[in-house]
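Values in this document were obtained by computation on a predicted structure and should not be read as measured data.
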Amino acid sequence: MRRLSLLFSMLFGIVLFSFGQNQISFTPLEQNLHGVGWSSAIWFDVNNDGLKDLLYFGTDTGYQDYYTFLLVNRGNDSFTVYNSSQINIPGLAIGSVDTADFNEDGYTDLIIEGATPDANGYADILYNNGDLTFTPANLGLLPIYYGSVAACDYNNDGHMDFAISGFDTDSNSYHCFIYKNVVDSFVKLDLQLPGVMYGVLRWGDYNNDNLPDLLITGFESVNTFTFYAKIWKNLGNDQFQETGIQLYPSWIGDAQWFDYDNDGNIDLFLTGVGGESGALRRAILYHNTGDSLVQVDTFKGVSHSSVEIADFDNDGDLDIFYNGLYGDGMGSGEYLTKILFNDNNQFSDSVSLELTGLYWGDCRAADYNNDGKVDLFLNGFYSKNDTDVAMAAIYKQTVATSLVDLLSNGLKISPNPASDYLYVQGGKGISRYRITDISGRQVLQGKLTQRRIDVRGLVPGTYVITLQGKGIKLSQKFIKQ
């Protein structure tokens, strides 16, 4: 594993990642964003201009005022900030947000839940009007928070559905539902899913049957201390069944599916607090064997956490970014933020990079400036003089690894977007290729004999092509039209 070093000058300095003599550097943009914790965030293209915009919401350390902000990407590292009244979204905290084009009008909508300043819940789909404002769908969902939302076309009918969980203050009860999109409305499935709060919902086809399954985690009951983490298998025909796969039961954590070893099966990284005492924090990597998930590694455990997956160093292997509260006991601990670099399917906690510790926040990765390098958004609470301080900042990746520097020898992949073929020029020593979808699942591979790759059979969407040979391994995103 490569030796890593770090220079992080607090919140508004430069984060420097050193790989031998090559560097990855993240520089914060001078946006002076309003810091929040108890927060959620998501990158998406709100206005269809090809640039990733950002929505985030939460509360400051006074826990009195709740905020929602939309940052519209204007290019050249510039964002215009719109507040909740300008975009017609209430100020929220302690919630969750996901995106999909639910009404199929070509604009990306939001499914959102959270708490309002008067301690009520809010949950609805917000339709994107195309003018940087949103209109509530008024679905009549339970006003829940302390939960999670997750959009997915679980039945492969071409219409985006969603799952939602959380706490309803009116009935003092926990809930978890799946809603089916029937074009003009949404229908709640008649399922006995466990009601949870302070957990997450994550869709993923763990058994490769082309039916997305649902991971459910959280605190399961009002009257008993029950921690929960189970996969509900999609049986088709709007039916789901709890599997017997053993995962660490936990809450106040996060989880993400990703194929860390590029074997075609999505694996799982899970964080949270649980155990018999209810105070054991964990961060666990599970390997998908094809029909089950097996724990293969553990790292510094965290609660009040967020997890993001991305290939930060452009080596073709997906890395892990996570943060949260580290240490034993629910009332104590240190704030932790880490990037675990994946080097040939191996992660090392001892050499992962220490960043400013955050908790009760969100970490989101995206190439917001379309330069081929993954950038970051970080927010949450950090400790200053034993006092929590809220922060929010966008970090631009400004220096690439030597793998990206290979472009200097004439390596070029074109066209992008592509409809029929990808052409590879330059790059002496490149001999093989592999193409994966955005979840990390391999869809094509082969020898690069003619310098032309047939992508006509791929479904339109975003993919990653990895070129290899003679010690070279370079990955680049492309769009299949």
Is the charged tip of R364 near the ring of F377: under 6.0 Å from the six-membered ring centre and within 45° of its axis?
no
Look at atom CG of D131 and say whether more than 12 heavy atoms of other residues, nucleotides or ligands are closer to it than 6.0 Å.
yes
Rounded to the nearest 0.5 Å, what separation is found between the CG atom of D367 and the NZ atom of K373?
8.0 Å
So does T271 get a backbone contact from the side chain of D254, meaning a donor-acceptor N/O pair under 3.5 Å?
no
Relative to the ring of Y146, is the ring of Y198 parallel (under 30°), tilted (30 to 60°) or perpendicular (over 60°)?
tilted
I want to check a possible cation-pi pair here: K338 against Y322, using under 6.0 Å from ring centre and within 45° of the ring axis as the test.
no
Any side-chain to backbone donor/acceptor pair from E308 onto A365? Under 3.5 Å, distance only.
yes
So, D60 side chain and V36 main chain: donor-acceptor pair closer than 3.5 Å or not?
no
Count the heavy atoms belonging to other residues, nucleotides or ligands that lie under 6.0 Å from CD of Q86, then report whether that count exceeds 12.
yes
Whether W360 side chain and S39 backbone form a donor-acceptor pair below 3.5 Å
no
Report yes or no: does T99 contribute a side-chain atom to a donor-acceptor pair with the main-chain N or O of T108 at less than 3.5 Å?
no
Can you check whether R441's main-chain N or O pairs, donor with acceptor, with D437's side chain at less than 3.5 Å?
yes
K180 with D238: basic N within carboxylate O range, under 4.0 Å
yes
Let's go through N47 and Y107 carefully: what are the C-alpha distance in whole Å and the side-chain angles of both, what is the deciding distance for side chain to side chain donor-acceptor pair (under 3.5 Å) to 0.1 Å, and is it a yes or a no?
CA-CA 7 Å; N47 52 2; Y107 287 98; over 6 Å; no
Going by the angle between their ring planes, with limits at 30° and 60°, are Y56 and F69 parallel, tilted or perpendicular?
tilted
Less than 3.5 Å apart, any donor N or O on the side chain of Y359 or D388 sitting next to an acceptor on the other?
yes
Whether the D267 and Y206 side chains hold a donor-acceptor pair (N or O, under 3.5 Å, no angle test) is what I'd like checked.
no
Mark yes or no: K480 above the aromatic ring of Y463, with NZ or CZ under 6.0 Å from the six-membered ring centre and no more than 45 degrees from the axis.
no
Closest non-hydrogen atom pair between L70 and L132, with its separation
CD2-O, 4.3 Å
Check A163 against L214 and note the closest heavy-atom contact, atom names and distance.
CB-CD2, 4.1 Å
What's the verdict on side chain to side chain donor-acceptor pair (under 3.5 Å) for S306 and D362, showing C-alpha distance, side-chain angles and the deciding distance?
CA-CA 5 Å; S306 177; D362 217 346; 2.8 Å; yes
Under 3.5 Å side-chain donor-acceptor pair for S85 and N83
yes
Over 60° means perpendicular and under 30° means parallel, so tell me whether F219 and F227 are parallel, tilted or perpendicular.
tilted
Per the side-chain hydrogen bond (donor to acceptor under 3.5 Å, both in side chains) rule, which among S305, S303, S250 passes with R281?
S303
